[in-house]
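Here the structure comes first, spelled out in structure tokens, and everything after it is commentary.
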Amino acid sequence: QIQLVESGGGLVQAGGSLRLSCAASESTFHGYVMGWFRRPPGKDREFVAAISWSGDSTGYADSVKGRFTISRDNAKNTVDLQMNNLKPEDTAAYFCAAAFATAPNIYYSSSRTYPYWGQGTQVTVSP
């Protein structure tokens, strides 16, 4: 069973940047679609970004398009989320998730598709 550990969260001022990283334990990491989700305070978990196992296909929530970039390194078993121009509404617990890939260029935006989850890392953006 793949295990996921997130890092890189913290406190940042609006307009600043953070880079989240997710390290996976599984040696077959390249066979997984990877996603980032977040849970804002008092709200449900929501999709942020996802990337196919090939790395060729990515998807983003409208709220983060143009500001966040997801990437992966299959040799290092990591997936990163570069977050720029952060806004207070980006404040949330961020979670990394993994799902078996059925094709090299697909990704999933529904949290129900992902059976494996990390513990999360907190991102707080001050005004």
Side-chain angles (χ1 to χ4, degrees):
Q1 178 174 329
I2 190 170
Q3 295 182 327
L4 305 171
V5 179
E6 303 94 337
S7 62
L11 173 64
V12 64
Q13 287 187 326
S17 298
L18 281 175
R19 189 177 184 89
L20 305 183
S21 186
C22 174
S25 63
E26 183 62 49
S27 61
T28 57
F29 174 74
H30 65 272
Y32 290 85
V33 171
M34 300 300 298
W36 283 98
F37 292 78
R38 66 187 182 186
R39 182 182 291 121
K43 297 183 179 180
D44 293 333
R45 184 168 53 192
E46 62 186 30
F47 171 72
V48 175
I51 187 167
S52 63
W53 77 253
S54 69
D56 291 338
S57 296
T58 57
Y60 297 91
D62 288 343
S63 59
V64 306
K65 279 182 182 177
R67 301 188 297 122
F68 291 12
T69 303
I70 189 170
S71 61
R72 67 188 295 160
D73 186 333
N74 287 341
K76 296 182 179 179
N77 290 3
T78 57
V79 58
D80 291 348
L81 185 68
Q82 177 66 43
M83 306 186 295
N84 297 328
N85 190 22
L86 283 160
K87 304 175 181 181
E89 51 264 43
D90 294 318
T91 293
Y94 282 73
F95 299 87
C96 174
F100 293 117
T102 58
N105 291 322
I106 64 169
Y107 60 86
Y108 313 119
S109 59
S110 170
S111 61
R112 292 188 293 259
T113 310
Y114 293 84
Y116 307 110
W117 293 82
Q119 293 299 307
T121 185
Q122 179 67 34
V123 172
T124 302
V125 184
S126 63

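Note that the numbering runs from 1 along the sequence shown for the chain. These numbers come from a predicted model, not from an experiment. Worth knowing before you read on, the calculation uses all heavy atoms, side chains too, and leaves out hydrogens, waters and symmetry mates.
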Output all residues satisfying side chain to side chain contact (heavy atoms under 4.5 Å, CB included) with [X], sequence neighbours left out; order by chain, then residue number.
X     : value
Thr91 : Pro41, Gln122, Thr124, Val125
Ala98 : Ile2, Leu4, Tyr32, Met34, Tyr116
Lys43 : Pro40

Task: Contact list for residues 98-127, test salt bridge (Lys or Arg N to Asp or Glu O under 4.0 Å), sequence neighbours left out - done: none

Open item on the list: Suppose the criterion is salt bridge (Lys or Arg N to Asp or Glu O under 4.0 Å): which pairs have a residue in residues 74-89, not counting sequence neighbours?
Closed with: Arg19-Asp80

Over all heavy atoms of both residues, which pair between [X] and [Y] is shortest? Give the atoms and the distance, please.
X      : Y      : value
Gly9   : Thr121 : N-OG1, 3.2 Å
Tyr114 : Gly35  : CE2-N, 3.7 Å
Ala49  : Leu81  : CB-CD1, 4.1 Å
Ser111 : Trp117 : O-CZ2, 3.6 Å

- [ ] Indicate if Val79 and Phe37 have the same hydrophobic cluster label, given that clusters are the connected sets of ILVMFWY residues with side-chain heavy-atom separations under 4.5 angstrom.
- [x] no

Open item on the list: Test of understanding: clusters of I, L, V, M, F, W, Y form through side-chain heavy atoms closer than 4.5 Å, transitively. Do Val12 and Leu20 belong to the same one?
Closed with: yes

Which residues pass the ring pair (Phe, Tyr, Trp, His ring centres under 6.0 Å) test with [X], not counting sequence neighbours?
X      : result
Tyr107 : none
Phe68  : none
Tyr108 : none

TODO: List in chain and number order the residues that pass side chain to side chain donor-acceptor pair (under 3.5 Å) with Asp62, two or more places apart in sequence or in another chain; answer none if no residue qualifies.
DONE: Lys65

- [ ] Mind checking side chain to side chain donor-acceptor pair (under 3.5 Å) for Ser52 and listing every partner two or more places apart, or none if nothing turns up?
- [x] Ser54

- [ ] Go through the structure and list residues passing salt bridge (Lys or Arg N to Asp or Glu O under 4.0 Å) with Arg38, not counting sequence neighbours.
- [x] Glu46, Asp90

- [ ] Any disulfide (SG to SG under 2.5 Å) involving residues 95-127? Give me the pairs, sequence neighbours left out, ordered by first then second residue.
- [x] Cys22-Cys96

Open item on the list: Determine whether a donor-acceptor pair (N or O, by modelled atom type, separation under 3.5 Å) exists between the side chain of Tyr60 and the backbone of Ile70.
Closed with: yes

Task: Gln119 side chain vs Glu6 backbone, donor-acceptor pair below 3.5 Å - done: no

